[in-house]
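Throughout, protein chains are lettered first and strands after them, A, B, ... in sequence-line order, and every chain is numbered starting at 1.
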Protein chains: 2
Amino acid sequence: MTQAEREPDDVLWLSAEQQRHWRAVILGTARLTEALSRQLERDAGLSLSEYEILVRLSEAADRTLRMSELAAAVVHSRSRLTHAVGRLEQRGLVARRPCPEDRRGVNCVMTDEGYAVLEAAAPGHVREVRAQLVDRLTDEEFRALGAAMAKVAPDAEPGA
Amino acid sequence: MTQAEREPDDVLWLSAEQQRHWRAVILGTARLTEALSRQLERDAGLSLSEYEILVRLSEAADRTLRMSELAAAVVHSRSRLTHAVGRLEQRGLVARRPCPEDRRGVNCVMTDEGYAVLEAAAPGHVREVRAQLVDRLTDEEFRALGAAMAKVAPDAEPGA
DNA sequence: GATCATTTGTTGAAGCATCAATTAAGTAGT
DNA sequence: ACTACTTAATTGATGCTTCAACAAATGATC
């Protein structure tokens, strides 16, 4: 604690107040993803990114998305998604089918088993999201958080 | 986009509005860490977690922290920190010394070279934090973001 | 319609994280 | 002092992510 007063910007930084906020963001997101990952892995055998892949597929028409759309939706590199989908495919939660319109493309389809796994995992995950985030904030605080982050990711809900 | 109307909670979920906010949080943090990681790796040859380790050390008395304190500060498992510090040590940015008070303990000390690397990396990193986050928000929005995340990580600034 | 550039998706190697198991030192109770 | 318990840190195997290189299809330009 001596160093907060001592030298907040011997390293070139933000204002002291901004720095406090920024630290809270880093720390909070780290804690949050840590808690969510643990819960999912423990109770459902899914990583957080696997869960998110399944969620996007569950919402897509025919539970199908092209690899590149899916990659963009979950903010993964194409390579990362290829590997992740490969693992999900081996577990039977997802299947790959060629894409009719574009012969380079690959459609990723969620299987019934994949949907069942997601359905089983969701309630516990939602409970954890509430416990770690939603229930710790007032409605107004949560709204403000969402609004701020929407400005950081300038396409949270644009759709097609 | 047909599915947003179709079934927002066939899988058990939050209110539609809460869900939008939550999605923004996920998407925003993913984009943000992605951008910050890329910038650091590209311009300074550091991962985001290496950078954070160096920052904490730079602020500590004698630029020294025990492994477990450092692990808690950056929200890493002890194992993860051991590996990460091992790599930083091989690059000469950090050194390990036995801890006098507790012979189980290990002190991690930042070297002058480590400090120099951090000093060189910091301005670009701060620029990126501003570009991706601070400059996209009003002061009030940023303050609200920090306040919300501080409630999620209930010890952002308690100190010793 | 032949060339060049771009986009899509995959691959394998290398690097990093996670997990369970281990060593060693401190703490508590008897 | 002896045993049992807890905490500190490390290790190595396994698994996930990243990166550069690639193949195949599409698009754009002349």
Task: Base versus backbone protein contacts along nucleotides 1-12 of chain D [heavy-atom cut-off under 4.0 Å; B, S, -] - done: ------BSBBBB

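- Cluster membership for A/Val152 and B/Val134, using ILVMFWY side-chain heavy atoms within less than 4.5 angstrom, is shared.
- Taking atom CZ of A/Arg87 as the reference point, atom P of D/dG15 lies 10 Å away to the nearest angstrom.
- Under the 4.0 Å criterion applied to side-chain N and carboxylate O atoms, B/Arg143 and B/Glu140 are assigned as salt-bridge partners.
- Residues B/Leu27 and A/Val75 approach most closely at CD2-CG2, 4.1 Å, considering heavy atoms.
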TODO: Begin from the C-alpha positions of A/His83 and A/His76 and carry the test side-chain contact (heavy atoms from CB on, under 4.5 Å) through to its verdict.
DONE: CA-CA 11 Å; A/His83 288 300; A/His76 286 15; over 6 Å; no

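- In the hydrophobic clustering of ILVMFWY residues, with side-chain heavy atoms under 4.5 Å counting as a link, B/Val109 and B/Val117 come out apart.
- Note on ring orientation: taking the six-membered ring where Trp is involved, the planes of B/Phe142 and A/His21 are perpendicular (angle over 60°, cut-offs 30° and 60°).
- Within 4.0 Å of A/Ser49, counting heavy atoms only, lie sugar-phosphate atoms of the nucleic acid but no base atom.
- Salt bridge status for B/Glu50 with B/Arg91: present, with a side-chain N to carboxylate O gap under 4.0 Å.
- Note on the helix from C/dG9-D/dC22 to C/dT30-D/dA1: angle between the axes of the first and last five pairs equals 30°, rounded to 10 degrees.
- At whole-Å resolution of the value, CG in A/Leu46 and C1' in D/dG15 are 15 Å apart.
- Residue B/Arg80 is classed as a base contact, given a heavy-atom separation below 4.0 Å to a base.
- Distance CD1 (A/Ile53) to P (D/dC16): 11 Å, rounded to an integer number of Å.
- A pairwise comparison of heavy atoms in B/Ala121 and B/Leu46 identifies CB-CD1, 4.1 Å as the closest pair.
- Listed pair A/Arg103 / D/dT26 meets the phosphate criterion, a side-chain N or O lying under 4.0 Å from OP1 or OP2.
- Ion pairing of A/Arg80 with B/Glu34 is absent here, as no side-chain N (NZ or NE/NH1/NH2) approaches a carboxylate O to less than 4.0 Å.
- You can see that DNA chain C meets the heavy atoms of chain A within a 4.0 Å-exclusive cut from C/dT7 to C/dC19, reading 5' to 3'.
- Along DNA chain C, the nucleotide nearest A/Glu41 and the nucleotide nearest B/Glu50 are compared for position; the residue whose nucleotide lies closer to the 5' end is B/Glu50.
- Not one N or O on the side chain of B/Thr64 forms a donor-acceptor pair closer than 3.5 Å with the backbone of B/Asn107.
- A donor-acceptor pair is defined here as one N or O able to donate and one able to accept, closer than 3.5 Å; no such pair exists between the side chain of B/Gln132 and the backbone of B/Ala35.
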